[in-house]
> 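Handing you this structure, nothing more for now.
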Amino acid sequence: TGNYGPYNDVFPEVDWYEAMMRKIALSQNYNLNIRGGTEKMNYFFSIGSQYDGDNYKIEKQADFDPRNYFKRYNWRSNFDFNVSRSTVISINIAGKIGYVNETGGPENFTTIMQSPSNVFPIRYSDGHWGDAEAMGYNIVSNVTDRGQRMEKQFQGWYDLIIKQKLNSITKGLSAKGRVSYNQYST
C-alpha cells in the first residue's frame, strides 16, 4: 500500500500513546492585586485567569472544538469603611467563571494503553478511519470526530459585615453582624 507504521492497511503498527499524547501540556496562571486606602476606607482588588491545556494531540475542527481545556477567570474586591471610630462596615464581592471543554467521544488513558497496536491502522489508505469491532475502537477517530462537550460554571460570593466596638460597655467588647449570599450555576 505504500503506507508504513500506523497507516499500513495490512500490517499496521500503531503506538497509540505516541499518536494521542503530547510531550507537554500548557498551563498558565495570571494574577493582579491592588491594595490601598485612607483613614476612612481601605480597599483590595484582585483579578486572575487560569488556562489548563490538553494532554492529548487533538486539533480544533472546522465545526467544533474537541480539545480538552479549562479556562477560569476570578475576581475579588474588599472594601472596609471606617464610619466612625467604633464602627466598620465591610463589603466583599468575589466570583469566578470557568469554561470546561471536552471531546465528545470517549477518551481515557487506559484505552490508549490497552488498544491493540497491530489490528487496525489509524486511517486506511482510502481515508476511512481504522477500527475493529471485536478488538476495540480507534481512539483517535473517537476524540476527533464525535463533537465536543462544553460546560460553563459560575460562582459568586457577596458579604456585608458590620463590626461595632462596644468599649462603652466593656473594654475590648465588640459585636459583628454578617449578611452573606452565595450563588452557583452551571
Side-chain angles (χ1 to χ4, degrees), residues 5-7 13-38 41-81 90-117 121-123 127 129-131 136-161 178-186:
Y7 296 96
E13 188 58 42
V14 181
D15 181 346
W16 293 105
Y17 184 88
E18 177 65 30
M20 284 297 301
M21 301 300 294
R22 296 183 188 278
K23 295 198 185 301
I24 61 170
L26 182 65
S27 181
Q28 299 173 336
N29 195 5
Y30 301 99
N31 291 296
L32 174 65
N33 298 320
I34 300 171
R35 108 175 29 242
T38 66
M41 182 188 89
N42 293 315
Y43 60 86
F44 172 77
F45 295 104
S46 177
I47 58 171
S49 71
Q50 177 181 349
Y51 174 82
D52 291 327
D54 200 351
N55 289 331
Y56 298 110
K57 292 180 183 176
I58 304 172
E59 300 300 324
K60 186 175 182 178
Q61 304 298 310
D63 298 332
F64 58 92
D65 186 359
R67 298 174 298 167
N68 295 297
Y69 60 82
F70 174 72
K71 294 180 185 178
R72 184 190 72 210
Y73 305 96
N74 55 282
W75 57 91
R76 178 169 199 80
S77 61
N78 299 341
F79 300 96
D80 296 324
F81 299 97
S90 300
I91 299 172
N92 304 319
I93 300 170
K96 68 179 181 177
I97 189 165
Y99 301 93
V100 178
N101 197 78
E102 298 175 325
T103 181
E107 45 79 19
N108 68 47
F109 190 75
T110 303
T111 304
I112 293 170
M113 300 308 291
Q114 292 178 348
S115 292
S117 63
I122 294 175
R123 273 191 199 267
W129 289 108
D131 206 345
Y137 56 86
N138 185 332
I139 192 163
V140 176
S141 169
N142 283 344
V143 300
T144 302
D145 285 354
R146 293 199 179 172
Q148 77 185 91
R149 288 189 298 260
M150 296 181 293
E151 182 178 326
K152 181 178 176 182
Q153 306 163 340
F154 173 79
Q155 285 184 281
W157 299 272
Y158 315 93
D159 295 323
L160 172 65
I161 303 164
R178 174 188 299 251
V179 176
S180 298
Y181 177 72
N182 299 331
Q183 180 181 9
Y184 177 78
S185 64
T186 57

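It should be emphasised that the depicted structure is a prediction, and the values quoted were computed from it without experimental measurement. Start at 1 with the first residue, then count along the sequence.
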> For the residue pair Trp75 and Ile97, what are the closest heavy atoms and their distance?
CZ3-N, 4.0 Å
> Can you list the residues that meet the side-chain contact (heavy atoms from CB on, under 4.5 Å) rule with Met150, with sequence neighbours excluded?
Asn101, Gln148
> To the nearest 0.5 Å, what is the distance between CG (Leu160) and OG (Ser90)?
8.5 Å
> Got a sec: does the NZ of Lys71 have more than 12 other heavy atoms crowding it under 6.0 Å?
no
> When rounded to the nearest 0.5 angstrom, what is the spacing between OG1 in Thr38 and OH in Tyr43?
9.0 Å
> Of all heavy-atom pairs between Asn29 and Ser49, which one has the smallest distance, and what is that distance?
OD1-O, 3.1 Å
> Do Asn33 and Arg35 come close enough that some side-chain heavy atom pair is under 4.5 Å?
no
> Please confirm whether the backbone N or O of Gly130 pairs with a side-chain atom of Asn138, one donor and one acceptor, at under 3.5 Å?
yes
> Supply the atom-to-atom distance Asn92 CG to Arg178 CZ, rounded to the nearest 0.5 angstrom.
7.5 Å
> What is the minimum heavy-atom distance between Val143 and Pro66, and which atoms define it?
O-CB, 3.3 Å
> On a heavy-atom basis, which atom in Asp52 and which in Ser27 lie closest, and how many Å separate them?
OD1-OG, 2.7 Å
> Do Phe44 and Asp80 have side chains that get closer than 4.5 Å, going by heavy atoms?
no
> Say whether, by atom type as modelled, one donor and one acceptor occur between the side chain of Lys96 and the main chain of Gly48 under 3.5 angstrom.
no
> Report the distance from atom CD1 of Ile122 to atom OG of Ser141, rounding to the nearest 0.5 Å.
11.0 Å
> Measure the shortest side-chain to side-chain distance between Tyr56 and Thr103 over non-hydrogen atoms and say whether it is less than 4.5 angstrom.
no
> Return yes when atom CG of Asp63 has more than 12 non-hydrogen atoms of other residues, nucleotides or ligands closer than 6.0 Å, and no otherwise.
no
> Below 30° counts as parallel, above 60° as perpendicular, anything between as tilted: where do the rings of Tyr99 and Tyr73 land?
perpendicular
> Any heavy-atom pair between the side chains of Leu26 and Tyr69 that's under 4.5 Å?
no
> Rounded to the nearest 0.5 Å, what separates atom NZ in Lys152 from atom OG1 in Thr186?
11.0 Å
> Quick one: does Gln61's side chain have a donor or acceptor within less than 3.5 Å of a partner on Glu59's backbone?
yes
> Are more than 12 heavy atoms from other residues, nucleotides or ligands located less than 6.0 Å from atom OH of Tyr17?
no
> How close do Gly98 and Phe70 get, heavy atom to heavy atom, and via which atoms?
CA-CE1, 4.3 Å
> Are side-chain heavy atoms of Asn55 and Arg22 found at a separation under 4.5 Å?
no
> Evaluate the side-chain proximity of Trp129 to Val140: yes if any heavy-atom separation is below 4.5 Å, no if none is.
yes
> Rounded to the nearest 0.5 Å, how far does OG of Ser46 lie from CG of Asn74?
6.5 Å
> Between Phe45 and Phe79, is the ring centroid distance below 6.0 Å?
yes
> Given side-chain hydrogen bond (donor to acceptor under 3.5 Å, both in side chains), test Glu151 with Gln153 step by step and report yes or no.
CA-CA 7 Å; Glu151 182 178 326; Gln153 306 163 340; 2.9 Å; yes
> Could you pull out the closest heavy-atom pair between Ile58 and Arg67, with the gap in Å?
O-CG, 3.2 Å
> Would you say Trp16's side chain and Pro116's backbone share a donor-acceptor pair under 3.5 angstrom?
yes
